[in-house]
2 protein chains.
Amino acid sequence: MLRVTKLADYGIVMLTYLAANRESTYTARDMAKIVQLPLPVVSKVLKLLGKAGLLTSQRGTKGGYSLARDPQEITVATVIRALEGPIAVTECIAVNRDCNLELGCPVRTNWHLINHAIQSALEKITLAEMTKPLNQSLVCLNLPVPETASKNLDISYERQQQH
Amino acid sequence: MLRVTKLADYGIVMLTYLAANRESTYTARDMAKIVQLPLPVVSKVLKLLGKAGLLTSQRGTKGGYSLARDPQEITVATVIRALEGPIAVTECIAVNRDCNLELGCPVRTNWHLINHAIQSALEKITLAEMTKPLNQSLVCLNLPVPETASKNLDISYERQQQH
DNA sequence: TGATACTGGACCGTTTTAGTACTGTTTATT
DNA sequence: AATAAACAGTACTAAAACGGTCCAGTATCA
């Protein structure tokens with residue numbers, strides 16, 4: 001549905017908070033209070049982010065989490081990947097398997113470009129930026145755009161379905 | 001999972017084919033053959049696209065579907081909306097309900113900007129362009145980007161969960 | 001009148017998501 | 001050394017969304 005999972009949403013929010021409060025460390029319990037979500041959920045997200053190397057964790061009493069890198073160096077794209085795997089707008093992109101007659105399908109390659117565009121857009125936004133209301137500037141990104149008409153010869157539009 | 005549904009994927013492929021073969025009309029059966037998908041699925045997609053006004057349909061013998069508008073005037077964003085509703089990268093955007101303390105949450109407004117950026121990216125790609133391999137040009141789109149630091153005062157990072 | 005093809009729902013199995021629970025391990029404190 | 005706090009890992013369950021099918025209805029043409 002072209003939607004990010006809640007875990008990813010939660011993750012962004014939590015990391016953004018941590019980015020804005022860099023000094024101290026927070027326990028999962030702390031974060032649950034701050035974000036107003038159940039502890040198990042918060043805990044799950046933090047664990048995943050830790051595993052992905054975005055958070056450093058300290059066990060035991062006095063333990064907790066804190067940002068592993070500079071907020072400018074953690075992008076929204078990275079967080080999403082950490083919590084829901086590689087960004088792939090279509091299944092066609094996710095799986096390596098060719099959709100029947102891949103070679104001729106123009107749609108597929110275009111999806112790749114679109115995917116790349118979205119991904120690089122998300123790659124441009126860092127946690128540091130998320131801490132404050134962003135302004136509407138212009139960012140150029142690699143988006144496929146029309147050009148000289150290339151003849152579309154015998155092209156396959158087949159689509160594979162799998163169960 | 002930041003992924004478009006299969007129905008949307010199928011829809012793009014079929015519309016792209018119709019865009020490349022503007023003259024004639026095609027029955028659902030025809031399209032099923034072309035796209036190599038089961039008739040019921042193809043039929044479902046075509047129905048939805050017809051309902052959305054992207055296809056004109058003709059009933060009865062000699063019936064079939066054909067593009068309702070010029071390929072340059074149908075965007076990928078439109079197709080996605082036709083098949084899976086409004087584009088909303090987070091649930092926060094989809095529902096109008098405020099996520100507890102909406103007012104102070106910087107993340108939320110930033111998601112809105114990101115959503116808008118993605119949406120307008122998809123808005124820029126038409127069916128006409130999908131028929132041929134796109135080239136890597138640069139398109140500028142309204143993407144939120146950092147600016148003068150605005151102090152982040154007492155900001156709420158709460159997140160609402162619902163069942 | 002009959003065959004063809006779109007229309008509109010309902011329906012159902014599967015997968016993914018969202019959230020919980022539990023057991024184990026590390027660490028600081030006393 | 002014992003204890004309590006906190007992270008780590010994994011398994012599990014309920015609910016939602018997805019993907020696909022099916023059927024009864026209506027329009028159209030021959």
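All chains are named by letter (A, B, ...) in the order of the sequence lines, taking the proteins before the strands, and each is independently numbered beginning at 1.
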Could you tell me whether the side chain of K6(A) has a donor or acceptor atom within less than 3.5 Å of a complementary atom in the base of dG19(C)?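 Between dG19(C) and K6(A), which were checked side chain against base, a qualifying N/O pair under 3.5 Å is absent.
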Going by modelled atom types, is there a donor-acceptor pair between the base of dG8(C) and the side chain of K51(B) at under 3.5 Å? no
Let's see if you can work this out: which of [options] has an atom nearest to the side-chain heavy atoms of [X]?
| X | options | result |
| --- | --- | --- |
| P38(A) | dT7(C), dT27(C), dT20(C) | dT20(C) |
| K44(A) | dT4(C), dG20(D), dG19(C) | dG19(C) |
| R59(A) | dA5(C), dA28(C), dG24(C) | dG24(C) |
| P40(B) | dG8(C), dT21(D), dA18(C) | dT21(D) |
| T27(B) | dA28(C), dA5(C), dG8(C) | dA5(C) |
| T61(B) | dC22(D), dA8(D), dC29(D) | dC29(D) |

Judged by nearest nucleotide, the residue sitting upstream toward the 5' end of DNA chain D, G64(A) or V4(B), is G64(A)
When L46(A) and M1(A) are each assigned the nearest nucleotide of DNA chain D, the 5'-most assignment goes to L46(A)
Using the side-chain contact (heavy atoms from CB on, under 4.5 Å) definition, which of the options L55(B), L18(B), L46(B) pairs with Y26(B)?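 Passing option: L18(B).
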May I have the distance from [X] (atom [atom1]) to [N] (atom [atom2]), rounded to whole angstrom?
| X | N | atom1 | atom2 | answer |
| --- | --- | --- | --- | --- |
| M31(B) | dA5(C) | CE | C1' | 15 Å |
| L55(B) | dA5(C) | CG | P | 17 Å |
| R29(A) | dA5(D) | CZ | P | 9 Å |
| L48(B) | dC6(C) | CG | P | 14 Å |
| L39(B) | dG20(D) | CG | C1' | 12 Å |
| E91(B) | dT16(C) | CD | P | 19 Å |
| D30(B) | dT4(C) | CG | P | 14 Å |
| R3(A) | dA17(D) | CZ | P | 9 Å |

What pair of heavy atoms forms the shortest contact from A19(B) to L67(B), and how long is it?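 Answer, listing the atom of A19(B) first, then L67(B): CA-CD2, 3.8 Å.
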Counting only side-chain N and O atoms of [X], is one of them less than 4.0 Å from OP1 or OP2 of [N]?
| X | N | answer |
| --- | --- | --- |
| Y26(B) | dC6(C) | no |
| Y65(B) | dA5(C) | no |
| S57(B) | dA5(C) | no |
| Q58(B) | dC29(D) | yes |

On DNA chain C, does the nearest nucleotide to K47(A) precede the nearest nucleotide to K62(A) from the 5' side, or the other way round? Give the residue. K47(A)
Is the backbone N or O of [Y] less than 3.5 Å from a side-chain atom of [X], with the two atoms forming a donor-acceptor pair by type?
| X | Y | answer |
| --- | --- | --- |
| D9(B) | K6(B) | no |
| N115(A) | H112(A) | no |
| E129(A) | T126(A) | yes |
| T16(A) | I12(A) | yes |

